[in-house]
Amino acid sequence: MAGISSSLKSLDWIVKVILVVIYDIYGILRRLTSGNIISILVGIIQIFTGNLFGIFWLIDLITVLVKKDTTVLV
């Protein structure tokens, strides 16, 4: 899983923004491949609750725009 996680981190900023805008694919994949149990559970919750009704999507969009990576809940 470390290979997938490092590949996600090395994506261009605009690709990260596009993947966050499209159902937060980037944030979900980052959490599922992090190796941290809590992050994996948050990723699974995101899948089944529609990004917790848009809250995680908004948080990930703001952090990718400001810090160029998802840094919250990872």
Side-chain angles (χ1 to χ4, degrees):
M1 292 276 190
I4 295 172
S5 183
S6 63
S7 296
L8 287 171
K9 289 179 185 178
S10 67
L11 289 174
D12 289 333
W13 176 75
I14 191 69
V15 175
K16 291 177 185 178
V17 171
I18 292 169
L19 289 175
V20 168
V21 170
I22 303 171
Y23 193 71
D24 197 14
I25 294 169
Y26 179 72
I28 293 170
L29 288 176
R30 284 266 295 150
R31 288 182 182 91
L32 292 177
T33 60
S34 69
N36 182 355
I37 299 294
I38 294 178
S39 294
I40 293 170
L41 290 174
V42 170
I44 292 169
I45 289 169
Q46 277 186 272
I47 292 170
F48 291 111
T49 63
N51 279 315
L52 200 59
F53 312 108
I55 295 170
F56 288 138
W57 176 82
L58 185 62
I59 291 170
D60 286 345
L61 182 62
I62 291 169
T63 58
V64 166
L65 290 174
V66 173
K67 295 186 177 184
K68 299 190 189 301
D69 198 9
T70 55
T71 55
V72 179
L73 301 171
V74 174

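All values reported here derive from a predicted model rather than from experimental measurement.
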Discussion item. Are the side chains of V64 and D69 in contact, using a 4.5 Å heavy-atom criterion?
Written reply: no

Discussion item. With heavy-atom distances below 4.5 Å as the criterion, would you say the side chains of Y26 and V21 are in contact?
Written reply: no

Item to complete: Decide yes or no on side chain to side chain contact (heavy atoms under 4.5 Å, CB included) for I55 and N51, but give the supporting numbers first.
Response: CA-CA 6 Å; I55 295 170; N51 279 315; over 6 Å; no

Worksheet item: Would a 4.5 Å heavy-atom cut-off, applied to side chains only, mark W13 and L65 as touching?
Response: yes

Discussion item. Which residue in the set I44, V42, I38 passes side-chain contact (heavy atoms from CB on, under 4.5 Å) when paired with R31?
Written reply: V42

Response to the item:
Rounded to the nearest 0.5 Å, the NZ atom of K16 sits from the OG atom of S10 at a distance of 8.0 Å

Worksheet entry | Nearest heavy atoms of T70 and T63, plus distance in Å | CA-OG1, 3.7 Å

Discussion item. Is there a side chain to side chain contact (heavy atoms under 4.5 Å, CB included) between V17 and V20? Walk through the geometry before answering.
Written reply: CA-CA 5 Å; V17 171; V20 168; 5.8 Å; no

Item to complete: With I62 as reference, evaluate I59, D60, V66 under the side-chain contact (heavy atoms from CB on, under 4.5 Å) test and give the passing residue.
Response: V66

Practice prompt. Using a 4.5 Å cut-off on heavy atoms from C-beta on, say whether the side chain of I28 contacts that of I25.
Written response: no

Worksheet item: Distance from L19 atom CG to R30 atom CZ, nearest 0.5 Å?
Response: 12.5 Å

Worksheet item: To the nearest 0.5 Å, what is the distance between CG (D12) and CD1 (I18)?
Response: 10.0 Å

Worksheet item: What pair of heavy atoms forms the shortest contact from Y23 to Q46, and how long is it?
Response: OH-O, 3.5 Å

Practice prompt. Might you work through the side chain to side chain contact (heavy atoms under 4.5 Å, CB included) test for T33 and I40, ending with a clear yes or no?
Written response: CA-CA 7 Å; T33 60; I40 293 170; over 6 Å; no

Discussion item. In the structure I gave you, are the side-chain heavy atoms of I37 and L41 within less than 4.5 Å of one another anywhere?
Written reply: yes

